[in-house]
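Heads up: the structure comes next, in structure tokens.
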Protein chains: 2
Amino acid sequence: MREKRDQSSEPEVEGNLKPGGATLADVSKLAGVSSMTVSRALHKPEVVSKKTLEKVNWAVEQLGYIPNMMAGSLMSKRSRLVAVFVPTVAHSIFADMVQALMHSLARKGYHTIIGVTEYSDKQEQELVEAILGRRPDGIVLIGTQHSDLTRKRLQVSNVPVVEAWDMCDEPLDMLVGFSHEEVGRAIARHLLSKGFRRFAAISVADPRGIRRIGAMLDELAKHEIVDVPHLYLPIPATLSTGRDGLRQLLECNGRPEVVVCSSDTIAQGVLAEAASRGLKVPNDLAVMGFGDLSSASQVYPSLSSVRLDGQLVGETIAKVLLDRIAQKSSATRGLRVDTGFNIIDRESTRRS
Amino acid sequence: MREKRDQSSEPEVEGNLKPGGATLADVSKLAGVSSMTVSRALHKPEVVSKKTLEKVNWAVEQLGYIPNMMAGSLMSKRSRLVAVFVPTVAHSIFADMVQALMHSLARKGYHTIIGVTEYSDKQEQELVEAILGRRPDGIVLIGTQHSDLTRKRLQVSNVPVVEAWDMCDEPLDMLVGFSHEEVGRAIARHLLSKGFRRFAAISVADPRGIRRIGAMLDELAKHEIVDVPHLYLPIPATLSTGRDGLRQLLECNGRPEVVVCSSDTIAQGVLAEAASRGLKVPNDLAVMGFGDLSSASQVYPSLSSVRLDGQLVGETIAKVLLDRIAQKSSATRGLRVDTGFNIIDRESTRRS
DNA sequence: AAACAAAATGTTAGCGCTAACAATTTAGAG
DNA sequence: CTCTAAATTGTTAGCGCTAACATTTTGTTT
């Protein structure tokens with residue numbers, strides 16, 4: 001276990017380390033093997049003899065060596081980095097998905113960079129351009145609506161892409177999510193079957209929310225229910241969105257039997273506004289949410305909603321991404337996974 | 001604007017690009033300048049002549065060139081990456097802070113890697129060790145409680161560190177947050193001054209929540225109020241935590257005048273449970289939250305809480321981190337910024 | 001013990017970029 | 001029009017690592 005001393009500034013084992021920390025070369029000198037062997041000992045221990053492995057691990061320990069992934073990635077062309085772009089993180093329905101995604105990726109040694117697009121295609125585009133400089137091994141986007149330049153950049157860059165939280169016929173690459181149109185139609189049919197006839201809708205002006213409500217209105221129209229009052233309020237969706245929304249509806253359109261909301265948050269705002277006006281839910285006013293936040297079942301009265309398994313979406317994204325990376329062929333181009341949804345009927349739409 | 005053709009595989013301007021995209025060398029050839037000039041044109045355009053700048057920009061455009069940050073960082077020793085470790089992202093009080101932090105960093109060209117520690121020191125340690133391999137320019141940790149190895153690694157690595165969302169005398173490096181003990185005492189004094197005497201508390205078993213409640217109990221004891229029933233329930237805090245908590249309290253300890261909760265989410269659960277039992281808030285039972293989520297002012301009855309400016313914390317973290325990086329001296333080692341808090345009195349603690 | 005395959009280790013080259021310094025061009029002063 | 005300083009551009013070297021191939025060591029077979 002001799003140390004070979006030569007020209008380069010060698011970090012003292014117990015003293016000051018050189019700036020930036022020890023390098024492979026330092027470890028290899030201390031362990032008395034070549035730097036390639038150290039590299040192998042760290043990343044492919046099965047091809048290194050037990051004795052050598054011990055020497056290397058000892059040296060790594062001594063020096064507190066931490067491999068420089070930038071250097072490694074530069075050569076190996078694998079950054080072990082995945083970029084995820086979401087409209088928002090704060091108190092959002094995407095949080096579960098993102099957390100599950102990060103967790104699944106972390107278990108395989110991947111790190112996640114998050115970018116917040118604030119529902120803006122332009123911002124998404126800038127973030128994508130910037131992130132491509134890090135040569136991520138994968139990119140996850142929410143939705144299927146992207147600027148032309150974003151599409152082109154992604155196509156050219158040849159990075160595996162997963163579009164999430166939506167469904168369409170021709171994804172950019174891979175797609176994991178569910179159909180917002182189907183959700184809208186399912187809500188319409190569900191509430192119709194429960195006997196509701198006088199509908200109203202409150203949504204924020206987010207493209208997927210609008211599509212859900214639009215599909216619901218279409219379905220209702222097929223059943224001769226037209227002129228359904230509906231509001232598209234500004235992003236972000238907060239409780240006030242629901243409170244203001246209900247207030248406006250009541251003032252301008254009278255009281256509907258049921259209000260369909262584009263998120264549980266809005267629905268809870270509606271519940272709060274109804275409570276403050278002495279309106280009994282569901283008898284005076286039924287309420288339907290979307291997202292099935294953990295709070296939906298716990299508010300009083302409990303809130304009917306549409307359950308989306310954000311965790312499943314996140315895990316599925318990780319899976320399809322890692323599969324693609326592992327096989328290195330783009331055989332899964334065009335892959336679409338529908339994670340579905342469930343309508344959850346609770347007190348807020350229970351007819352007496 | 002001639003193209004020089006020589007040995008290396010040159011990407012066709014309109015044809016197939018070589019794998020991994022164009023390089024600086026490709027751009028420099030096409031622009032007819034040295035690669036160093038291209039590098040300067042991109043990162044220090046003010047030292048390059050206007051004519052050259054145009055040529056370079058044209059070539060960059062033609063090739064769709066995106067600089068490889070890994071290579072750049074390797075040489076320049078600046079990764080423009082900041083790692084943030086939070087206990088959780090989903091529906092949490094940290095989301096605002098993280099979002100503001102990411103936003104501030106992104107504006108300066110920094111990317112953010114997020115790690116979820118799930119309130120575990122061990123997990124934090126593993127994430128820190130892993131992330132150090134990317135040579136981040138800064139690390140943000142929630143709280144001041146870290147494993148010894150985490151501390152040592154951070155010290156040795158010499159990365160600027162910000163501990164957030166807490167206050168202590170001897171931070172690892174920099175610290176941005178507020179004192180949980182002071183919050184607890186302030187809540188006690190506030191509610192005492194409103195005439196409340198029969199207290200109860202519901203917290204989750206997160207160290208900072210426990211410290212807040214502990215400090216409150218100490219302060220109450222100073223005013224001869226002892227044997228205050230208090231519950232520490234399992235993480236994570238959900239509405240059910242509040243519902244179960246109140247149920248337990250009522251069964252075992254009778255009805256207090258006021259329930260202090262370690263988060264707004266718990267408090268909203270308490271509100272829901274109270275509503276379902278026909279208890280009127282605040283007259284039968286007053287409720288105090290913590291965090292002042294946007295929903296706190298919108299639920300019915302509106303919820304008294306402790307406001308923390310998550311956005312301010314996030315922005316401040318970004319500021320101290322970027323300042324440190326810019327000046328490259330560690331003059332700000334030991335810097336502590338107290339972002340404070342405010343008690344917000346709403347209907348849920350309004351005595352009739 | 002020779003002969004070979006398999007296992008383990010070493011050597012070389014270079015990923016794509018930037019720091020540091022060297023060389024050249026341009027502009028300004030006399 | 002020369003001379004110098006300032007502005008601009010180029011050259012060299014190498015960041016820390018890994019792919020690909022070359023070499024050495026070990027174990028097995030006859």
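Protein chains get the first letters and strands the later ones, always in sequence-line order, with residue 1 at the start of each.
Residue A:Ser34 is in base contact, counting any heavy-atom pair closer than 4.0 Å across all strands shown. Residue A:Thr37 is in sugar-phosphate contact alone, with no base atom involved, counting any heavy-atom pair closer than 4.0 Å across all strands shown.
The distance between atom CZ of B:Arg40 and atom P of C:dA20, rounded to the nearest whole Å, is 13 Å. Atom C1' of nucleotide D:dT8 and atom NZ of B:Lys44 are separated by 13 Å, given to the nearest angstrom. Atom CG in B:Leu24 sits roughly 19 Å away from atom P in D:dA13 (whole-Å rounding). At whole-Å resolution of the value, NZ in A:Lys50 and C1' in C:dA8 are 16 Å apart. Taking atom CE of B:Met75 as the reference point, atom P of C:dC21 lies 12 Å away to the nearest angstrom. Here C:dA7 presents its P atom at 18 Å from NZ of A:Lys51, a figure rounded to the nearest Å. Taking atom CG of residue B:Leu63 and atom C1' of nucleotide C:dG16, one finds them 15 Å apart after rounding to whole Å. Rounded to whole Å, atom C1' of D:dT8 lies 12 Å from atom CG of B:Leu53.
Tested against B:Trp165, the residues B:Ile317, B:Leu175, B:Val313, B:Val86 include a single side-chain contact (heavy atoms from CB on, under 4.5 Å) partner, B:Val313.
Each of A:Ser35 and B:Ser35 was matched to the nucleotide of DNA chain D holding its nearest heavy atom; the match closer to the 5' end belongs to B:Ser35.
Listed pair B:Lys77 / D:dG16 meets the phosphate criterion, a side-chain N or O lying under 4.0 Å from OP1 or OP2. Using a 4.0 Å cut-off, some side-chain N or O of A:Ser49 falls inside it from OP1 or OP2 of C:dT9. Considering only side-chain N and O atoms, B:Thr52 lies under 4.0 angstrom from the phosphate OP1 or OP2 of D:dT9. Taking side-chain N and O atoms only, A:Ser39 has no distance below 4.0 Å to OP1 or OP2 of D:dC17.
A:Ala130 approaches B:Met69 most closely through the heavy-atom pair O-SD, 4.3 Å. Residues B:Arg333 and B:Asn158 share a closest heavy-atom pair of NH2-OD1, 4.4 Å.
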Result block: side-chain N/O donor-acceptor pairs under 3.5 angstrom for residues 131-146 of chain A, not counting sequence neighbours:
| residue | atom | partner | partner atom | Å |
| --- | --- | --- | --- | --- |
| A:Arg134 | NE | B:His111 | ND1 | 2.8 |
| A:Arg134 | NH1 | B:Ser79 | O | 2.9 |
| A:Arg134 | NH2 | B:Ser79 | O | 3.1 |
| A:Arg134 | NH2 | B:Arg80 | O | 2.7 |
| A:Arg134 | NH2 | B:His111 | ND1 | 3.4 |
| A:Arg135 | NH1 | A:Leu132 | O | 2.9 |
| A:Arg135 | NH1 | B:Ile66 | O | 3.4 |
| A:Arg135 | NH2 | B:Ile66 | O | 2.7 |
| A:Asp137 | OD1 | A:Ser79 | N | 3.1 |
| A:Asp137 | OD1 | A:Ser79 | OG | 3.4 |
| A:Asp137 | OD2 | A:Ser79 | N | 3.3 |
| A:Asp137 | OD2 | A:Arg80 | N | 2.7 |
| A:Gln145 | NE2 | A:Asp121 | OD2 | 3.1 |
| A:His146 | ND1 | A:Glu124 | OE1 | 2.7 |
| A:His146 | NE2 | A:Gly143 | O | 3.1 |
| A:His146 | NE2 | A:Glu163 | OE2 | 2.9 |

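The CE atom of A:Met102 sits 10.0 Å away from atom CE of A:Met97, with the distance rounded to the nearest 0.5 Å.
DNA chain D lies under 4.0 Å from at least one heavy atom of each of the following residues of residues 65-74 of chain B: B:Leu74.
In this structure, B:Glu126 pairs ionically with B:Lys122, as a charged nitrogen and a carboxylate oxygen lie closer than 4.0 Å.
A donor and an acceptor atom never sit less than 3.5 Å apart when one is taken from the side chain of B:Arg135 and the other from the base of D:dG16.
Looking only at distances, a side-chain donor or acceptor of B:Asp26 sits under 3.5 Å from a matching main-chain atom of B:Thr23.
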